[in-house]
Protein chains: 2
Amino acid sequence: MAQTEEFLAAARDALGERGLTTDPELLQPWLTDWRGRFTGKALALASPGSTEEVSQLMKLCTRFGIPIVPQGGNSGMSGGATPDDTGHAVLLSLRRMNAIRRVDADAKEAVCEAGVILQTLHEAADKEQLRFPLTLGGKGSATVGGLIATNAGGSQVLRHGSMRAQVLGIEAVLADGSVFDALVPLKKDNRGFDLKQMLIGSEGTLGIVTAATLRLLPAVAERSVLWIGLGDVRDTRKLFLHADRMAGDALEAFEILPRHSLEAVLKHTPDARSPLQGDHEWHVLIELIADAAGADALPDLAQNLLESAFEAGLVEDATIAANETQAEQFWTLRDEISPAERALGPAMQHDISVPVARMADFVAEAVPLVEQKFPGCTGIAFGHLGDGNVHFHVLSPPGSERGTWEAGEGKKISAFVHDLVTRWDGSISAEHGIGQLKVDELGRLGDPVHLHMMRAVKQALDPNGLLNPGKLVPPCA
Amino acid sequence: MAQTEEFLAAARDALGERGLTTDPELLQPWLTDWRGRFTGKALALASPGSTEEVSQLMKLCTRFGIPIVPQGGNSGMSGGATPDDTGHAVLLSLRRMNAIRRVDADAKEAVCEAGVILQTLHEAADKEQLRFPLTLGGKGSATVGGLIATNAGGSQVLRHGSMRAQVLGIEAVLADGSVFDALVPLKKDNRGFDLKQMLIGSEGTLGIVTAATLRLLPAVAERSVLWIGLGDVRDTRKLFLHADRMAGDALEAFEILPRHSLEAVLKHTPDARSPLQGDHEWHVLIELIADAAGADALPDLAQNLLESAFEAGLVEDATIAANETQAEQFWTLRDEISPAERALGPAMQHDISVPVARMADFVAEAVPLVEQKFPGCTGIAFGHLGDGNVHFHVLSPPGSERGTWEAGEGKKISAFVHDLVTRWDGSISAEHGIGQLKVDELGRLGDPVHLHMMRAVKQALDPNGLLNPGKLVPPCA
């Protein structure tokens, strides 16, 4: 392993003492993904302090043939930032590159290094009476680089799009160590292929995002949070169309919860209360927002929306949060579904999408299908109906042993769900990415033409296969 | 040429009599770009009637090594759809594939074949009380496929983005004849590289767009068109920020005109009248729009915007169009600049962008610089200030002979302007693309890392270089 020692010495020279460690104790926390599904090994943990240092490290990796696994907050959902167990790769942490280089309130943009934590960006925008229109559960750990590499979603995609839509400019280190600099945002630029978009969502397999220029929006001046009970999941689609027509751009979120999820949250979360008195098979959480100009009109809009929905027979019961505290309580009921369901026992979780118009029908069909095919299991679909994206969880029969069930029936359930989604022209990964979790399923179910194009692009831009190997791009069969 | 004859016979078999011609008279109109700058030759004109036929043709091209030049309405600005003069290529017209397969008013989507003309799409959307939010001068000829291939811009980019932002799904034939099918739109899909975005704006060099799913928006219920006179181009930026803050999403267009352009239009266009009494160095056209929900509030918004701009000392004079007829007249003054300037004599035209925040400063610096460096010339910048994109024309000294001047001083002027834009971190092609017109300049001024990536992707997806050769991707030096 003289080669490896030579690489480590050269990398230490390039990055300095702070920038490289092989200490097992320092590496250990970053070798397992946060859901605890994957554990790997690494030659070293590199923590460069600048784009130039990332570039130097990448050049060394290419020279010595060392694979490199980029990592942000290590809070991804698909094991995309965890190395394999060969120990050949260097783990690249971007966390030291955490400067917000610039916030321009007039231009409504922020230039962030890859290691900036989402929460920090929110706070920086807030200081300028602006906001960054993407948020998610892991905002205290997720980094800008990781959000870009995985094209993260969250609960504001409905109106503002996923991370892809927030990226105005990008800087990345490519496989040969060269720096792709497209940080300066041009609203119009037709000089060729959109290389920026290709890097977004590529999970570190085409390049390492080191910085980005992100768009900011005016701060929200007013919001209305509505809670609605309905009898049939298909009515959620009708309600969505109604809300979209009435509220237009004011419609910020449209989330659905089945009775099962609400009950689980009420049981699991201290002080949680149901917003409505009666029982309903389905619940919808709607958020309407307005900037300063539209703030006065918002309460009337919320009221009118509900009244007309009642008149049209679209809802069974409904209420509007009386104040911010109550609005937060409504959102807590939504945000606590995952931990509450987890407490009920082993479950297979699927992050899936189908065309927006068909998601309610999909849920109506898929839940009984799964429960019929796998007796004793419970199918639960909740989340971003307005994006055509639900989290489709299948709970194991009571008393199942996690390891055995997940590896046995669980695996069959996931294959069944993914097959079904594929038949509905949907995606087996709506917002969590492919990583190593779903790379086999993508190889099994992906369109051959898509896969061929992906492999060709990967081969072209990373001919030695050093950038995050084993992730996202399924190998040829 | 037995090979060529064999190819033609096989292509005729695949496409039928309607689908292939070698008749020089039928080819002739499509061998010159509409600005008359480029004329080429072609082996044949192929007009397939379906995606399957395009696929078969492409397979034959690959088998026989025949280059293929896709063409939509032949109204591009950069010669991207005109073959070279070797006569080796087959010219592929998508115009027969002109079906709107589906308009879904609920989902607000239209599925169009590549040959659908923009105007036809507008009319189809209109019937459903919807609109397609992209328009431009050539809407009577430009096709959906061409608009996608060139990532077309126009006057609604400010709020809605360029063509890239309107494409929800895409279908394309790749170099090996396989069909890339991503027509079904998923709002969230993280299954790998965004291949759709890579095809958009690739000018037929990576694949042939055969169909697309496009987004529609609610129809405009009300608009207000404002005309404003100012003394200094830098004040247009201040006015833009003011309008953006006050109007937010209602701000649909923000266009600037210098005194020179307005005078040229008034002289050239019958019955044209200046909206304001006095003289101003600069003029701004603002359009505010509202859907049904916001229609009532719009007149007040327009009035308040102007009054506060007056109070802040941002404008010299201003008026609001009293009715639709007047609104159209204001827009005619903007739309007639190009023909009016053309009537004044030879000019070098540059479609350039810089970061939005810096465009007013750029104009303030670039115009005197050019006029000083090239005595007798007149620099004129007009257009989409809100997008950081102006059309920067440099008029020849009076009495210049077109051919001589364009090939001599004109060429130097363009190089000077492109150098300047590059120093300002801008783009030498904001919305018109590269085609064959600017491919040398892109090779000269493009970032080497960008060019390297483009070439690698091109080589990976079109290894034989048959897809629209000579366009967009500069060859290695």
Side-chain angles (χ1 to χ4, degrees), chain A residues 104 106-107 150-151 153 157 162 164 174 178-181 184-195 197-198 200-202 206 218 241 246 248-249 291 293 353 355-357 387-389 425-434 442 446-447 449-450 453-454 456-457 459-461 472-473, chain B residues 104 106-107 150-151 153 157 162 164 174 178-181 184-195 197-198 200-202 206 218 241 246 248-249 291 293 353 355-357 387-389 425-434 442 446-447 449-450 453-454 456-457 459-461 472-473:
Chain A
D104 183 332
D106 275 350
T150 58
N151 185 29
V157 173
S162 58
R164 188 178 298 287
L174 304 181
S178 60
V179 178
F180 174 77
D181 181 357
V184 175
L186 295 173
K187 192 168 161 98
K188 280 182 176 170
D189 182 12
N190 274 347
R191 283 177 298 173
F193 314 148
D194 195 335
L195 303 168
Q197 293 296 347
M198 201 164 61
I200 299 169
S202 68
L206 299 180
L241 287 175
M246 283 200 66
D249 282 343
D291 59 14
S353 64
V356 177
D387 304 331
N389 166 213
D425 291 325
S427 171
I428 62 166
S429 177
E431 57 177 9
H432 295 167
I434 296 295
L442 182 59
D447 178 298
V449 176
H450 292 223
M453 276 180 90
M454 276 180 68
V457 169
Q459 172 67 25
L461 297 181
L472 186 61
V473 186
Chain B
D104 183 332
D106 276 349
T150 59
N151 184 30
V157 174
S162 58
R164 185 178 300 287
L174 305 182
S178 61
V179 178
F180 174 78
D181 181 357
V184 174
L186 295 173
K187 192 168 161 99
K188 279 181 173 172
D189 182 13
N190 275 347
R191 283 177 298 173
F193 315 148
D194 194 335
L195 303 167
Q197 292 296 346
M198 200 164 63
I200 299 169
S202 68
L206 300 179
L241 287 175
M246 283 200 64
D249 281 343
D291 58 15
S353 64
V356 177
D387 304 330
N389 167 214
D425 292 323
S427 170
I428 63 167
S429 177
E431 56 177 9
H432 295 166
I434 296 294
L442 182 58
D447 177 297
V449 176
H450 291 225
M453 278 179 89
M454 276 179 66
V457 170
Q459 173 67 28
L461 297 182
L472 187 60
V473 186

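Lettering of chains follows the sequences in order, A, B, ..., and the numbering in each one begins at 1. Worth saying up front: this structure is predicted, and the values here are computed from it rather than measured. Heavy-atom basis, side chains included; hydrogens, waters and symmetry copies ignored.
Looking only at heavy-atom pairs under 4.5 Å with chain B, the residue among G433(A), A430(A), G426(A) that has the most is A430(A). Among the candidates G446(A), G388(A), P355(A), the residue making the largest number of heavy-atom pairs closer than 4.5 Å to chain B is P355(A). Taking I434(B), D387(B), V457(B) one by one and counting their heavy-atom pairs under 4.5 Å with chain A, the maximum is reached by D387(B). Taking H432(B), M198(B), Q459(B), M246(B) one by one and counting their heavy-atom pairs under 4.5 Å with chain A, the maximum is reached by M198(B). Of the listed residues (A357(B), S427(B), A456(B)), the one with the most heavy-atom contacts under 4.5 Å to chain A is S427(B). Across D249(B), V356(B), D447(B), the residue that shares the most heavy-atom pairs under 4.5 angstrom with chain A is D249(B). Put simply, of P218(A), A107(A), G192(A), the one with the most heavy-atom pairs under 4.5 Å next to chain B is G192(A). When the candidates L206(B), D104(B), D181(B) are compared by the number of heavy-atom contacts under 4.5 Å with chain A, L206(B) comes out ahead.
Both the backbone and the side chain of Q197(A) come within less than 4.5 Å of a heavy atom of chain B. Both the backbone and the side chain of I428(B) come within less than 4.5 Å of a heavy atom of chain A. Heavy-atom distances place the side chain of V184(A), and not its backbone, under 4.5 Å from chain B. With a 4.5 angstrom heavy-atom cutoff, V179(A) touches chain B only via backbone atoms.
Counting only distance, with no hydrogens or angles, the side chain of S353(A) and the backbone of K188(B) share a donor-acceptor pair below 3.5 Å. Proximity of a side-chain donor or acceptor of D194(A) to a complementary backbone N or O of I200(B) within less than 3.5 Å is not detected. Remark: the backbone N or O of N151(B) is paired with a side-chain donor or acceptor of N190(A) at under 3.5 angstrom. Not one N or O on the side chain of H450(B) forms a donor-acceptor pair closer than 3.5 Å with the backbone of F193(A).
Considering only heavy atoms from C-beta on, N389(A) stays 4.5 Å or farther from K187(B) through its side chain.
In this structure, M453(B) CE and S178(A) OG are separated by 8.0 Å, a value rounded to the nearest 0.5 Å. Between atom CG of residue D189(A) and atom OG of residue S162(B) there is a gap of 10.0 Å, rounded to the nearest 0.5 Å.
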